[in-house]
Each structure stands twice: as structure tokens, then as C-alpha cells.
*Asks:* 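Please read through the structure below; I'll follow up with questions.
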Amino acid sequence: MKASRVFATAARITPATMSAPLSQSDLKALQSLIDWWAQAGIETAPVSPAEVKRAAPQPRREPQAERPAPARATAAAARAAGYGGAPEQNARDIAAKCASLDDLKAAVESFDGCPLKATATQAAFSRGNPDARVMVIGEAPGREEDREGKPFVGVAGQLLDRMLGAIGLDETSAYITNVVFWRPPGNRKPTDAEIESCRPFTERHIELVKPELIVLAGGISAQTLLRQRAGVTQLRGRWSEVQIGDLTVPALPIFHPAFLVRRPQEKAKAWADLLNLKARLSG
Ligand code: URA
């Protein structure tokens with residue numbers, strides 16, 4: 001549902017109309033509004049129609065997420081933003097010295113080169129089984145992940161678990177992380193500079209886990225690790241390769257579960273991609 005329609009529905013609900021039972025479509029709209037606010041990082045809902053109106057997003061920002069993305073995560077963009085020089089090299093040196101996942105987790109937690117660390121509660125490093133055949137890599141922690149210090153534990157994570165469960169995978173047979181370890185304020189997209197500051201650790205993460213297959217959840221993760229500019233709509237469902245030094249890992253981009261929460265009509269494509277993954281695992 002378009003955000004403008006959701007807000008219009010909310011604005012219709014006043015103390016006078018509250019005594020009338022809400023229709024199914026009003027309830028659906030309200031749930032959608034609450035989800036939408038939560039995904040935008042707004043934790044307290046407006047209480048009056050005037051506040052609802054003020055809180056309404058600019059139409060330009062409405063089509064979030066899976067539209068064809070502008071070029072992202074290039075080293076040049078990161079350098080232009082002040083990264084990619086000494087801090088990135090520093091991160092690369094630190095990551096290269098990590099001989100185990102415990103070392104890497106500790107190194108990430110004490111790394112100060114990602115600006116997101118200043119506003120996050122803690123790093124969300126990983127969850128699941130590092131010996132699993134499948135490594136799932138998403139975008140960045142959200143509010144729940146920031147609170148718990150683990151990736152994909154909020155609404156999107158619950159959907160991710162159900163998606164993996166549908167093809168027989170769980171925390172014992174999948175290992176889950178993100179390309180960015182700290183929550184961007186208000187759940188905004190991470191910038192190129194933020195992504196690049198984490199890249200040395202993400203790449204070392206893959207080298208240490210050495211998964212048989214990688215699932216790239218969402219456009220940011222796919223663009224970052226495949227060094228592609230195309231949007232996830234173009235990339236999803238097609239096997240590609242993540243290349244790190246001498247290591248080559250087959251990788252399948254899929255829609256991000258948070259996108260599927262907002263656009264359940266796209267779940268059929270995600271299901272096709274999951275079956276593709278399942279076939280590869282059993283083949
Ligand atoms: N979205 C992500 O990409 N990662 C998380 O950990 C949570 C939401």
C-alpha cells in the first residue's frame with residue numbers, strides 16, 4: 001500500500017470515529033502504517049492528524065528499497081567520501097591478521113573506522129553455524145539487531161528464518177551476517193563510505209567461513225560483494241560469484257526479506273530463488 005494512502009487512512013481515524021468498529025481494510029492499513037513507521041526507524045507514532053500529516057514522508061522518498069539502485073559501494077565513491085585510504089588499509093591489515101572468527105569478531109568490535117559505530121549500541125556480527133554450507137549476507141542491522149547484537153533477529157529476520165526453513169535450512173545449517181556491522185541511524189541505507197569501511201572485515205569473514213554457497217539478501221549486499229551496479233531486480237535469481245583473492249564462492253542474490261515484508265506479492269519470485277538454492281544444495 002502506498003504510504004500516502006496509509007497516512008490518509010490513519011488521518012481518518014479520530015476520537016469520533018474510534019467508537020465505530022474498524023473495517024478489515026482500515027486494520028490492514030493501520031498495521032501497514034505501523035510496520036512502515038517501524039521500518040523507517042520511528043518508534044513513537046504520531047498522536048494527532050496534524051502530527052500524522054507532518055510525519056508523512058515526501059513522495060520522492062516513497063519507492064524505497066528495490067528500485068534500480070544508483071552505483072554504490074565503489075572504492076572511488078568511498079575515497080571521495082574520505083574513506084578507502086589509510087582507514088581502509090588499516091582495516092585490511094587488522095582483518096588480515098585475524099586467524100579465526102573469534103579474532104575477527106573481537107577486531108570488528110574494537111574497530112573505530114566505521115562512522116556508524118558512534119550511533120549504534122553495539123556491532124551485530126553473526127548468528128548461525130559457521131560450518132554451514134550456506135552463508136547468508138544481508139545489508140545492515142536494524143533496531144532489534146542493534147539491541148541484541150545479532151543480525152536478522154527482527155521482523156525481517158523472522159521472515160528470513162521462515163524462508164530458509166521452507167527449504168530445510170535453519171541456524172544449524174546456515175550462517176548469517178551483514179555487509180555492515182552497525183545500525184545506520186533510523187534504518188537508513190548505509191552509505192558507500194560506511195560499506196567500504198566494513199568491507200575488509202566482511203571479505204575476511206567470507207575467507208574464514210569459506211562457505212560452499214553465499215546468499216546475498218538484498219541489493220546492497222549483492223552490489224557490494226559482486227561489485228555490480230544493477231539493482232536486485234536484475235541480479236536476483238542468477239548465480240554469480242563472490243571473488244576474494246584466490247577464493248571464489250558461487251553466490252545467489254535474492255530479494256531482501258524486509259522488502260518482501262512490504263511487498264508480499266514478490267514472494268513468488270523469492271520462492272523460485274529459494275528452490276534454485278535448494279536444487280544447487282542437493283545437486
Ligand atoms: N536487515 C538486514 O539486512 N540485516 C539485518 O540484520 C536486519 C535487517
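Numbering of ligands and ligand atoms starts at 1, following listing order. Predicted model, so just to flag it, every value in this text is computed and none were measured.
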*Asks:* Using heavy atoms and a threshold below 4.0 Å, how should the contact between Glu139 and ligand 1 be classified: side chain, backbone, both, or neither?
*Replies:* both
*Asks:* Numbering the atoms of ligand 1 from 1, which are under 4.0 Å from a heavy atom of Pro151?
*Replies:* 6 (O)
*Asks:* So, Glu203 and Arg227, do they make that salt bridge, N to O below 4.0 Å?
*Replies:* yes
*Asks:* Run through Arg199, Lys117, Arg188 and flag the one making a salt bridge (charged side-chain N to carboxylate O under 4.0 Å, His left out) with Glu194.
*Replies:* Arg188
*Asks:* Please check if any side-chain donor atom of Asn187 sits under 3.5 Å from a side-chain acceptor atom of Arg183, or the reverse.
*Replies:* yes
*Asks:* Once you measure the plane-to-plane angle for Phe125 and His205, does it fall in the parallel (<30°), tilted (30-60°) or perpendicular (>60°) bin?
*Replies:* parallel
*Asks:* Just to be sure I'm reading this right: ignoring hydrogens, which of Ala140, Ser221, Ala258 gets closest to atom 5 (C) of ligand 1? Compare them by their nearest heavy atoms.
*Replies:* Ala140
*Asks:* Can you check whether Gly138 has an N/O within less than 3.5 Å of an N/O in ligand 1?
*Replies:* no
*Asks:* State whether the side chain of Thr177 and the backbone N or O of Ser126 hold a donor-acceptor pair below 3.5 Å, judged by distance alone.
*Replies:* no
*Asks:* Please report which non-hydrogen protein atom sits nearest to atom 6 (O) of ligand 1, along with the residue it belongs to and the distance in Å to one decimal place.
*Replies:* Phe152 N, 2.7 Å
*Asks:* Any donor-acceptor pair under 3.5 Å linking the side-chain atoms of Asp170 with those of Thr172?
*Replies:* yes
*Asks:* Which residue owns the protein heavy atom closest to atom 4 (N) of ligand 1, what's the atom, and how far is it?
*Replies:* Asn178 OD1, 2.8 Å
*Asks:* May I ask you to identify, for His256, whether its side chain, its backbone, both or neither come under 4.0 Å of ligand 1 on a heavy-atom basis?
*Replies:* side chain
